[in-house]
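What follows is one structure encoded as structure tokens, with my remarks underneath.
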Amino acid sequence: MRGNPDAHELVAPGSLPAVLAMLAASPGEWTPIAGGTELMVAHAAGKLEARKLVSLWGLPGLRFIETSPESIVIGAGTTFRDLRADSTIAAEFSLLARAASWIGSVANQSRATLGGNLVNGSPAADSSPALLVYDAELELISVRGRRRIAYAKFHTGYKRNVLAADELLFAVHLPRRFALHQQYLRKVGTRRAMAISKVALAATASMEVGVVSEIRLAAASLAPFPARLHQTEAALLGHALNPETINTARHTLLAEAQPIDDIRSTAEYRRRVAVNLLDELLLQLQPERRSQ
Amino acid sequence: MNAGRSFIEMTINGEKRTVQAPPMKRLLDVLREDLHLTGTKEGCGEGECGSCSVRMNGELVNSCLVPVLQAEGASIQTVEGLASNGKLHPLQQAFLDCGGAQCGICTPGMLMAATQLLAHNPHPSMAEIREGLAGNLCRCTGFIRIFESVIAAAAQDVEQQAQETPHAR
Ligand SMILES: Cc1cc2nc3c(=O)[nH]c(=O)nc-3n(C[C@H](O)[C@H](O)[C@H](O)COP(=O)(O)OP(=O)(O)OC[C@H]3O[C@@H](n4cnc5c(N)ncnc54)[C@H](O)[C@@H]3O)c2cc1C
Ligand code: FES
Ligand code: FES
């Protein structure tokens, strides 16, 4: 059943401090709406539970990309189109730029925000695996101040996260130390354009004389929320990439993955594809450290 | 519950318009019902088909997913804003000439997506055309004639035209 616009309140106070003051005055009462590409779809289906919405769209204090020598800071209200247009992201965080190009069509990417993707917290969210393997940190904001946490600690369960009722996601911090890492990201979906992933795997890694000296692995749709694959990482770290290591890593991944059956795929298919993606990644790793 | 109505001002195809609507009303419905601009179509109502595509502040958006309050103060271009002085936009002419439209339901959205593409990239490759139009579904043409229409329009250099439209960035 179609949603009824008269049943929902929507306000646009126009500045970040004004939004934060509203959230603080009655915590839990207002639901933020950024690009609306999740919430308006729910609304169309008559399934939008939130009755009171406060708009974050176009708040200048949330839509920015700031680059310093150490890091790049991306405001939560930045759209995926904005991300794709940024040259530092394209050069040093190419996995994020690629993920951004997958988030639906041009029209969707013009509205969909990075913050909305992360807070919505779908296990299949496309930006998540890339952010996890870049050691992203999130900055949260409320009238009480700001705090930073590792993105890996943000999701706590299926569509659950650590945000307090009066808090917003403010920005994503990416440390600029991955330019020389070997990087991998692949998403498997039903078709090339605009398909939600069945499985995705991301990695950043370094190799020294054939030995894995650094590795981060993260997946979409292999757990109730996007997460690092710490056990599979451990099976690879410090090991030479020989058939034995690869075999152990495959088995570890099979045990570590906790995919679900849903409308898009089955758990069994997801496990198999994940292992194939791991194989592809390990085949692509070059034995030596990359140099400038 | 009635959440009340707000006065919302927008610039539609270069003209200032004010509507009184519930803030969560979809921009699509405001265009069609309040402003009687019925060129913009509804297909899926959930962001998948692109038949409701319009340009908002120089970016392509699906108007079925925009609550009208978020369009407050924005400059909106719809398919009605393409032709000027009774003359079809080169893209419209190309769609006519190349058979890019059959039933026509997808056409307004296709035209807006193609306008957006050419505004930033006057001579797109086939891959770029496919990406630019990937959010717009057509059940009639099989897409090839649509892509050919865009190529034909680009060939006659719509760069000029795209820069003349008031909403191009
Ligand atoms: C056709 C279509 C295709 C899509 N394809 C993909 C895809 O391939 N991959 C993919 O990952 N996603 C996809 N999506 C989903 C969606 O576009 C993304 O998840 C998008 O990033 C959501 O951002 P938004 O700003 O539109 O979110 P909104 O709908 O505005 O908000 C989503 C959630 O985040 C909360 N929120 C937003 N910003 C903040 C903030 N700063 N602080 C606290 N809470 C906040 C909202 O309260 C809400 O709970 C698709 C959607 C559509 C309609
Ligand atoms: S009607 Fe808006 S995308 Fe289909
Ligand atoms: S012409 Fe009929 S849907 Fe495209």
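Every chain is numbered from 1 and lettered A, B, ... according to where its sequence line falls, protein lines coming before strand lines. No experiment lies behind these values; they were computed from the predicted model shown.
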| Testing A:Leu53, A:Val11, A:Leu10 for side-chain contact (heavy atoms from CB on, under 4.5 Å) with B:Pro23, which one passes? | A:Leu10
| Is the shortest distance from a Lys or Arg side-chain nitrogen in A:Asp6 or B:Lys25 to a carboxylate oxygen in the other one below 4.0 Å? |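 No salt bridge links A:Asp6 with B:Lys25.
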| field | Ionic contact status for A:Lys47 with B:Glu46, cut-off 4.0 Å | value | no
| task | Sort A:Ala112 into side chain, backbone, both or neither according to what part of it lies under 4.5 angstrom from a heavy atom of chain B. | result |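 Interface part for A:Ala112: neither.
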| Side chain, backbone, both or neither: which part of A:Leu39 has an atom under 4.5 Å from a heavy atom of chain B? |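 Nothing of A:Leu39, per the 4.5 Å heavy-atom cut-off to chain B.
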| query | Out of curiosity, A:Glu9 CD to B:Leu69 CG, how far, rounded to the nearest 0.5 Å? | reply |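 Spacing of CD (A:Glu9) from CG (B:Leu69) equals 11.0 Å.
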| request: Can you measure from OG (A:Ser105) to CG (B:Asn62) and round to the nearest 0.5 angstrom? | output: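 It is 5.5 Å, given to the nearest 0.5 Å.
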| task | Find the one option among B:Ser6, B:Gly45, B:Pro67 whose heavy-atom pairs under 4.5 Å with chain A are most numerous. | result | B:Pro67
| request: Name the option with the most non-hydrogen atom pairs under 4.5 Å to chain B; the candidates are A:Thr79, A:Leu48, A:Val41. | output: A:Val41
Which bit of [X] is near chain A, if near means a heavy-atom gap under 4.5 Å: side chain, backbone, both or neither?
X	value
B:Val68	neither
B:Glu131	both
B:Met56	side chain

Contact check, side chains of [X] and [Y], non-hydrogen atoms, under 4.5 Å:
X	Y	result
A:Asn4	B:Met24	no
A:Arg2	B:Arg26	yes
A:Met40	B:Cys64	no
A:Arg111	B:Glu59	no

| field | Set of residues satisfying ring pair (Phe, Tyr, Trp, His ring centres under 6.0 Å) with respect to A:Phe64, sequence neighbours excluded | value | A:Phe170
| query | Is the backbone of B:Val61 close enough, under 3.5 Å, to the side chain of A:Ser110 for a donor and an acceptor to pair up by distance? | reply |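 No; zero donor-acceptor contacts below 3.5 Å.
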